[in-house]
Amino acid sequence: MPKDGPRRLRIFALAITAALLPLPSYAAPSKADVEAQFETWVQSDLWPEAKANGISEKVFQAAFSGITLNWNLPDLAPPGFPPPKEQKQTQAEFSSPAPYFNEDQLKKLAATGRGFAAQYGSTLKRIEKTYGVPGSIVLAIWGRETGFGAAKIPNSAIEVLATKAFMSTRKEMFRTELVAALHILDGGDVTPANFKGSWAGALGQPQFMPTSYLKYAVDFDGDGHRNIWTSVPDTLASIANYLVKKGWQRNRDWGFEVSIPEAVSCAQEGPDLAKPLSHWASLGIDRISGKGFPSGEMKAEGMMLVPAGRDGPEFIVTPNFYIIKEYNNSDLYALYIGNLADRIAHNGGAFQGRWGDVGKMLRSDVAAMQKALERQGYDVGGSDGLPGYKTRRSIGQWQVKNGMKPTCFPEAAMKGKLK
């Protein structure tokens with residue numbers, strides 16, 4: 001062997017060993033590193049856009065004075081950090097809606113709401129005359145959103161919106177809201193110190209996102225400022241203005257709890273299947289209270305709503321129900337507001353129909369049902385695992401077609417049959 005052979009062997013052995021060792025890892029950025037990136041982003045990226053949108057430098061610098069990232073917010077995706085793990089939609093999403101309508105909470109809100117109805121009676125009458133929205137509806141939304149203004153809203157809106165615009169999973173949406181928030185400050189309606197919002201960036205007592213504030217907030221107390229943080233008249237009128245701009249129909253109710261005869265298919269619900277209330281009444285659908293439908297409503301359109309299929313309260317709702325849903329896109333939310341408003345205005349009580357123990361279905365199972373229905377030509381409104389009205393009525397139609405009693409709601413027994 002040549003005399004340099006052992007040396008070559010040692011070098012070769014060291015090279016093999018080195019190849020087997022893990023590569024050096026680069027240090028993940030620290031929170032301090034991300035904070036520094038945030039400061040650069042604010043001044044070098046966000047400020048030019050704000051300036052181009054007409055925001056003054058004085059307002060911009062005041063808005064961001066002392067602002068740092070809020071690491072306690074949900075749905076954050078800091079640059080350089082591992083991406084958040086995707087949550088599999090396999091949890092039991094669809095337990096009974098009954099807990100949503102907590103009777104003790106509703107009774108307390110209704111009692112407080114009736115007190116405010118008396119206290120702000122003249123303001124509410126003026127709102128009803130101006131906008132055509134019943135005071136009870138406005139009070140119900142105020143009560144549901146922030147407990148009639150009692151809920152603490154401690155977060156700096158700029159801090160929340162800037163954090164989410166910089167490093168959330170929905171950066172572009174929050175960037176739009178952040179620029180809108182700067183317009184609010186630039187307009188002088190509120191100071192940065194009083195510019196408070198929720199952890200999601202919703203502002204003040206009505207919980208408006210900044211873009212909604214710019215469109216719908218009003219000055220109803222005449223002080224020259226649209227103040228949804230401490231002015232009750234501005235808060236209530238802004239809620240009413242929001243509903244009107246979304247299409248609220250004056251002199252119409254939100255809806256009625258009804259009893260739908262067994263012979264009448266539950267697969268007729270949805271805003272796209274509206275019929276005059278006289279049509280629904282002709283099918284034998286009656287108000288569960290025993291009262292007739294208001295005579296002024298009979299020629300107007302109404303829609304069937306069975307949020308739990310045949311295993312829950314049943315309703316005929318008006319277009320105003322769907323306007324309430326513009327505030328929060330949930331059937332249960334709109335029903336909650338309608339029920340609370342009836343309690344405030346008429347001392348009404350809980351829905352008489354019982355919420356059955358519907359659900360206990362995995363969201364992934366419901367999505368599989370939706371895909372199977374789509375393959376058969378049904379319009380389920382998308383296979384997202386959420387049983388909206390298009391899914392519910394498609395299930396009802398499929399059940400009838402297959403000789404089953406229609407329930408209009410996903411059931412575990414359907415999994416083996418609907419493929």
(request) Could you walk me through whether Thr211 and Glu177 pass the side chain to side chain donor-acceptor pair (under 3.5 Å) test, one step at a time? (result) CA-CA 6 Å; Thr211 51; Glu177 295 294 345; 2.7 Å; yes
(message) Tyr120 vs Leu139, test: side-chain contact (heavy atoms from CB on, under 4.5 Å). Steps then yes/no.
(response) CA-CA 10 Å; Tyr120 294 103; Leu139 288 170; 5.9 Å; no
(request) Let me see the working for Gln249 and Thr318 under side-chain contact (heavy atoms from CB on, under 4.5 Å), right down to the final yes or no. (result) CA-CA 9 Å; Gln249 295 183 8; Thr318 76; over 6 Å; no
(request) Apply side-chain contact (heavy atoms from CB on, under 4.5 Å) to Ile324 and Phe321, showing your working. (result) CA-CA 5 Å; Ile324 297 172; Phe321 173 86; 5.6 Å; no
(message) Let's go through Glu297 and Arg252 carefully: what are the C-alpha distance in whole Å and the side-chain angles of both, what is the deciding distance for salt bridge (Lys or Arg N to Asp or Glu O under 4.0 Å) to 0.1 Å, and is it a yes or a no?
(response) CA-CA 7 Å; Glu297 296 268 11; Arg252 293 213 65 190; 2.5 Å; yes
(request) Show your reasoning for whether side-chain contact (heavy atoms from CB on, under 4.5 Å) applies to Thr163 and Trp71. (result) CA-CA 8 Å; Thr163 297; Trp71 292 86; over 6 Å; no
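Using a 4.5 Å heavy-atom threshold, the side chains of Phe174 and Val160 count as separate. With contacts defined as side-chain heavy-atom distances shorter than 4.5 Å, the pair Phe166/Val34 qualifies. At a threshold of 4.5 Å between non-hydrogen side-chain atoms, the residues Ile141 and Pro206 do not count as touching. Asp286 is not listed as a side-chain neighbour of Ser259, based on a closest heavy-atom distance of 4.5 Å or more. Inter-residue side-chain proximity for Glu374 and Ser383 is flagged as met; some heavy-atom pair is nearer than 4.5 Å. Phe116 is not listed as a side-chain neighbour of Ile344, based on a closest heavy-atom distance of 4.5 Å or more. Annotation: side chain of Ile158 is in contact with side chain of Leu185 (closest heavy-atom distance under 4.5 Å). Contact of the Glu159 side chain with the Thr68 side chain is registered, since non-hydrogen atoms from C-beta on lie closer than 4.5 Å.
Between the Asp365 side chain and the Met361 main chain, no donor and acceptor come within less than 3.5 Å of each other. A donor-acceptor pair is defined here as one N or O able to donate and one able to accept, closer than 3.5 Å; no such pair exists between the side chain of Arg126 and the backbone of Gly121. Panel note: side chain Glu257, backbone Gln352; a donor-acceptor pair is recorded below 3.5 Å. The main-chain N or O of Ala110 is never found under 3.5 Å from a side-chain atom of Arg343 such that the two would form a donor-acceptor pair. The backbone N or O of Gly338 lies less than 3.5 Å from a partner atom in the side chain of Trp254, making a donor-acceptor pair. For the pair Tyr327 (side chain) and Tyr333 (backbone), a donor-acceptor distance under 3.5 Å is absent. Between the side chain of Ser394 and the backbone N or O of Lys390, at least one donor-acceptor pair lies under 3.5 Å. Distance alone, capped at 3.5 Å, places no donor-acceptor pair between the His225 side chain and the Val190 backbone. The main-chain N or O of Gly222 is found under 3.5 Å from a side-chain atom of Asp219 such that the two form a donor-acceptor pair. Listed for the Asn53 side chain is no donor-acceptor partner under 3.5 Å among the backbone atoms of Ile55.
No salt bridge links Asp379 with Arg393; every basic N to acidic carboxylate O contact stays at or beyond 4.0 Å. Ion pairing between Lys415 and Glu411 fails under the 4.0 Å rule for side-chain N and carboxylate O. Between Arg392 and Asp331, at least one side-chain nitrogen of the basic residue sits less than 4.0 Å from a carboxylate oxygen of the acidic one, meeting the salt-bridge criterion. Note on Arg310 versus Glu269: no salt bridge recorded, every NZ/NE/NH1/NH2 to OD/OE distance being 4.0 Å or above. For Arg226 and Asp221, the salt-bridge test fails: no basic side-chain N is under 4.0 Å from an acidic carboxylate O. Ion pairing between Asp75 and Arg170 fails under the 4.0 Å rule for side-chain N and carboxylate O.
Distance check, rounded to the nearest 0.5 Å: OG of Ser282 to CE of Met298 gives 8.5 Å. A distance of 9.5 Å separates CD in Gln399 from CG in Leu418, rounded to the nearest 0.5 Å. For the atom pair Asp189 CG and Asp234 CG, the distance stands at 8.5 Å (nearest 0.5 Å). Rounding to the nearest 0.5 angstrom, the gap separating the CD atom in Gln207 from the OG1 atom in Thr146 is 6.5 Å. The line from CG of Asn347 to CG of Asp342 is 11.0 Å long, rounded to the nearest 0.5 Å. To the nearest 0.5 Å, atoms CG (Leu76) and NZ (Lys164) are separated by 6.5 Å.
Taking the six-membered ring where the residue is Trp, the centroids of Phe195 and Trp229 are separated by under 6.0 Å. No close placement of the Phe315 and Phe256 rings is indicated, their centers lying 6.0 Å or farther apart. Taking the ring centroids of Phe208 and Tyr213, they lie at or beyond the 6.0 Å cut-off.
If you check the side chains of Ser238 and Asn241, you find no donor sitting under 3.5 Å from an acceptor. Defined by atom type and a distance below 3.5 Å, a donor-acceptor pair is missing between the side-chain atoms of Trp280 and Gln268.
Within a 6.0 Å radius of CZ in Arg250, other residues, nucleotides and ligands contribute more than 12 heavy atoms.
Here the closest heavy-atom approach between residue Val133 and residue Ala240 is recorded as CG2-O, 3.8 Å. Residue Gln37 comes nearest to Pro79 through the heavy atom pair OE1-CG, 3.6 Å, listed as atom of the first residue, atom of the second, then distance. Residues Glu57 and Trp47 come closest through the heavy atom pair CA-CH2, 3.4 Å. Of all heavy-atom pairs between Pro48 and Ser44, the closest is CG-O, 3.4 Å. Heavy atoms only, all atoms of each residue included: Gly270 and Tyr322 are closest at C-OH, 4.1 Å. When every heavy atom of Asn155 is checked against every heavy atom of Ser198, the shortest pair comes out as ND2-C, 3.6 Å.
Shown are Phe101, Tyr336, Tyr100; of these, the ring pair (Phe, Tyr, Trp, His ring centres under 6.0 Å) with Phe351 is made only by Phe101. Here the rule is side chain to side chain contact (heavy atoms under 4.5 Å, CB included) with Trp142, and of Ile137, Leu109, Leu236 only Leu236 fits it.
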